[in-house]
Amino acid sequence: MPLHGKGSAPNANRRKNTMNVLPRKINFLETEEKWQQIWEEEGINRYDWDDETRPVYSIDTPPPYPSGDFHMGNFLNWTYFDIRARYKRMTGYNVLFPQGWDCHGLPTEVAVEKAKGIKKSDVPPDIFRKMCEEWIEQYIAKMKTAVMRLGASIDWTTEYRTMEPEYMRKIQLSFLKLYEKDMIYKGEHPINWCPRCETAIADAEVEHEHKQGKIYTIPFMTDSGEVLIATTRPIYLPACVALGVHPDDERYNQLIGGKATVPYFGQKVPIIANDEVDPEFGTGAMMICTYGDKADVVAVARFNLPVIKLIDGKGTLLEVAGKYAGMSIADGQKQLVKDMREADLIKEEKQLDQEVGLCWRCSTAIEIVTALQWFMRTISLTDKVVETANAITWYPDWMRQRLIDWATGLDWDWVLSRQRVFATPVPAWYCNNCGKIRLAKPDELPVDPRVTSINDTCECGSTEFVPDTDVMDTWFDSSMTCAIHAGWPDKPNWERQFPASVHPSGQDIIRTWAYYLMVRHLALFDETAYDSVLINGMVLGGDGRKMSKSLGNFVSTPEVFEKFGADAPRQWAAAGGSTGTDIPFRWEDVEYGWRFMRKLWNAARFAGMRLEDYDGGYAEPQLIDRWIMTKLQKTIKRATEAMENCDFMNATEAARNFIWHVFCDHYLEAAKTRLYGEGDPKEAAQWTLYNGLRDMLKLMAPVTPHLSEEIYRTMYDPNNSITVAEWPKYDEKLVDEEAERIGDMIIAAISSIRTEKNRRGVSLNAPVVKLTIYAGENAGDIEQGAQDIKDTLKVEELEILGGSGGEAVIEEYEHIGYSMNL
RNA sequence: GGGCCGGUCGUCCAGCCUGGUUAGGACGCCGCCUUUACGAGGCGGAGGUCGCAGGUUCAAGUCCUGCCCGGCCCA
């Protein structure tokens, strides 16, 4: 036995004060709010910017868009990174857990327009901005309340808003630095365009949807007769610049090099060989227009074809569309199809299931147009992105592929500029005379060129400048967080907090958040933005379908808080499914968490009562004490490994199952009689209980911080928080394999006999006049637990024999039989 | 069409990477027990040929191949 002698109490200092006993009744909801307040007052969640001893763990908390609704999906995310933050604090890290709000964006503009009954163009940009800023504060307040009610261990001294001048300064500065590095440029390129929002949008902002559409077969005239093409968008005929056929397609390849005449509009276009044309699709010949779809973009670039502008920013057809000019695309197409039918130029019409790109904000069908926009170079960084994605850690591992697939599938650089108001302005003016760009200088930031004019002289001698009226994609605000959280560019030691240790993200926004962060920081610092990515899945309704109000499976977060507070649903979030997978919200899981809290509370209350006179002393642990300690060590090991891997489910399950079904169900029952007694057997049980329970509270602390704290401060240490106490260490000295083997046998015997008592309709407490156990070769083992068996089962006379016999056998130990007289 | 994930008791979820005792847990269902931590509890029971078909192996829920179904993302 590794442990000997009274007084040599490992991990337990002799206590002077008696232990406080927990009250029978407890209002968990009030308790939680109490601790949230105390933690804030004590500042225990603050990052220590000056501490150079502890290793840093920095969390790249994604600043949410303050919609005002902290939904159960948010609940899941914040629980994930809060568990991570708390676990890391307990394992010795200086944890930076910041919180920001990603304020800019169209939804606020729309909401303000509606609320004030104005259009954004009715008032100057700075006035409209102010309205948006005021508007969004109410939503930030709501979101913040929810984050705090969850018990997220945020360092609120770090709180920031992306709409603040100070934040915009940093974003604009990064813009200038990227421009200096030639990573940002202004150019004319085909881009996705939302005709309703009248703004450029990035690939990542395009949603795809299947729609039933029509495909029309239309004849083009060539020197050797008609060639039929199939198109879903005949309205693009005026912008047709070529006819493409596959070079191996024997129906058409003799036409290559010749000309074709566009029906109805009459322009002549070249017939070119394009191996990307699918001879199986439609008629096998494809018209190339500017731009009907992405394939057109690729073809135009590849064959150096001219570009014909067909629509303006509102999606209205231009002059080139002839009599259709001035109509919307949809109306124009309708009219054109009608006219072409009459002219017998439509040979066939068929239904086709096609995919259309939609603006993710307003669901308007996007168009592809060519326009002068700001871009950030991303395509040239693709290899570097792939390399970095492979080098960092992903929880779970298979999510890595999502980023790689996205990055390698991109066709264009990132379109940065947007034509909106409530966003970070592009810090640039243009010389009114020669057109040269005059970028803001770092000390002029932050600046809104739409509001502030520039006092300077251009190289050409002119002093007149016009502002760049573009603003930036909101992702440009939020994809700098790893550096900005770390303190860039002002804190001299910002690189101590950089790269971020973990970037938490939803699987749905890997293509945006994770990708933009990575590419942006690589471009600026040539370094990864984060060392690991923690992915959470979506929260589904209890029926396994996507949670939504229209499906009637929607659960609001305030409702959950009101009924069950934070710690119970936090257990659902932690244990509802594997990290990264979608998890259904189930009230049953939350209720189970709530019952676990009550169970642990009662067990701790019992421990407190039996430890009231405990002075921290040590007596040689008995078999069953060593058994539970061994089981505890193995639980610590399992939970720690799971926590290290962000496997919150198995970490939580390991701790909960041990506490409830091993410690409460078996150990407390077996040790109860000793704890009511006197002397060394009692002290051994007390030592085990005192030290064991403390570790159990710690194992649960990241998941149920409020509950653990309430019990810990009442029973163990009123002045120090368990949430920053040391995480239990697996202690090999406390592992006793032999005790575990024999203990399992004793517990199995007790369980079997207890079941038998139950079967005979008597309570566990009813006395057993005589119990005879026929233990064969295990008689010596059973003998070691004789007292536990007698105590737990209330046996008056216990006889342990070798050999076999008895009226029943012990489950899982069929060679051990027993007889019992009640 | 491509990539990724999933298909395990009525329901939800582990287990699969690193093959090996009667496949676990929760919810629900049924039965029993007022026992000085807990009846918002305890004890027990029923319920699964691990999507299908092959293959590797002494041994497959676990590894390999093909297929089917569902989900997400992309074209």
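The sequence lines fix the lettering, A, B, ..., with proteins before strands; numbering per chain opens at 1.
When the side-chain nitrogen and oxygen atoms of Arg656(A) are compared with OP1 and OP2 of rG25(B), none of them lie within a distance under 4.0 Å. Taking side-chain N and O atoms only, Arg595(A) has a distance below 4.0 Å to OP1 or OP2 of rC27(B). For rG42(B), the OP1/OP2 oxygens have a side-chain nitrogen or oxygen of Lys599(A) closer than 4.0 Å. Applying the 4.0 Å criterion to OP1 and OP2 of rG24(B), one finds that His661(A) has every side-chain N and O outside that range. For the pair Trp660(A) and rG42(B), the criterion of a side-chain N or O lying under 4.0 Å from OP1 or OP2 is met.
Among the atoms of the strands shown, only primed sugar atoms or phosphate atoms (P, OP1, OP2) are found under 4.0 Å from some heavy atom of Gln507(A). Within 4.0 Å (heavy atoms only), Met609(A) reaches sugar-phosphate atoms of the nucleic acid but no base atom. At the heavy-atom level, Trp594(A) lies under 4.0 Å from base atoms of the strands shown. Across all strands, Asp397(A) comes closer than 4.0 Å to no nucleic acid atom at all (heavy-atom distances).
Spacing of C1' atoms, rA23(B) relative to rC50(B), comes out at 8 Å, to the nearest Å. Spacing between rU57(B) and rG42(B) at atom C1', rounded to whole Å, works out to 45 Å. As rounded to the nearest Å, rC16(B) and rG24(B) have C1' atoms that lie 14 Å from one another. Annotation: rC9(B) and rG25(B) have their C1' atoms spaced 12 Å apart (nearest Å). Comparing rC63(B) with rU22(B), their C1' atoms sit 24 Å apart, to the nearest whole Å. For the C1' atom pair drawn from rG47(B) and rC5(B), the interatomic distance equals 29 Å after rounding to whole Å. Atom P of rG6(B) sits at a distance of 22 Å from the matching atom of rG10(B), rounded to the whole Å. For the C1' atoms, the distance from rU8(B) to rC52(B) is 15 Å, rounded to whole Å.
Put simply, the side chain of Glu710(A) never gets that close to the backbone of Thr31(A): no donor and acceptor are under 3.5 Å apart. Judged by distance alone, the side chain of Tyr716(A) and the main-chain N or O of Tyr690(A) form a donor-acceptor pair under 3.5 Å. Between the Gln507(A) side chain and the Met399(A) main chain, no donor and acceptor come within less than 3.5 Å of each other. With hydrogens and angles disregarded, no donor-acceptor distance shorter than 3.5 Å links the side chain of Arg570(A) to the backbone of Thr704(A).
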Go through the steps for Asn821(A) and Leu771(A) under the test side-chain contact (heavy atoms from CB on, under 4.5 Å), then give the verdict. CA-CA 6 Å; Asn821(A) 296 329; Leu771(A) 176 67; over 6 Å; no
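The pair Arg402(A)-Asp508(A) does not meet the salt-bridge criterion, since no charged nitrogen lies less than 4.0 angstrom from a carboxylate oxygen. The pair Lys672(A)-Asp788(A) does not count as a salt bridge, with every side-chain nitrogen at least 4.0 angstrom from each carboxylate oxygen.
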Starting at the 5' end of nucleotides 12-20 of chain B, put B wherever the base has a protein heavy atom under 4.0 Å, S where only the sugar-phosphate does, and a dash everywhere else. SSS------
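Using a 3.5 Å distance cut-off with no hydrogens or angles, the side chains of Trp414(A) and Asp473(A) do pair a donor with an acceptor.
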Taking Watson-Crick and G-U wobble contacts under 3.5 angstrom, with | marking pairs to another strand and [ ] crossing pairs, the secondary structure of RNA chain B is written (((((((..((((......[...)))).(((((.......))))).....(((((..]....)))))))))))).
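The number of heavy atoms from other shown groups lying within 6.0 Å of CD (Glu807(A)) is above 12.
Side-chain atoms of Asp665(A) lie closest to rC43(B) of the nucleotides rC38(B), rC43(B), rC27(B). The side chain of Glu653(A) lies closest to rG25(B), out of rC27(B), rG25(B), rC4(B).
Side-chain atoms of Met286(A) and Asn274(A), non-hydrogen and from C-beta on, do get closer than 4.5 Å to each other.
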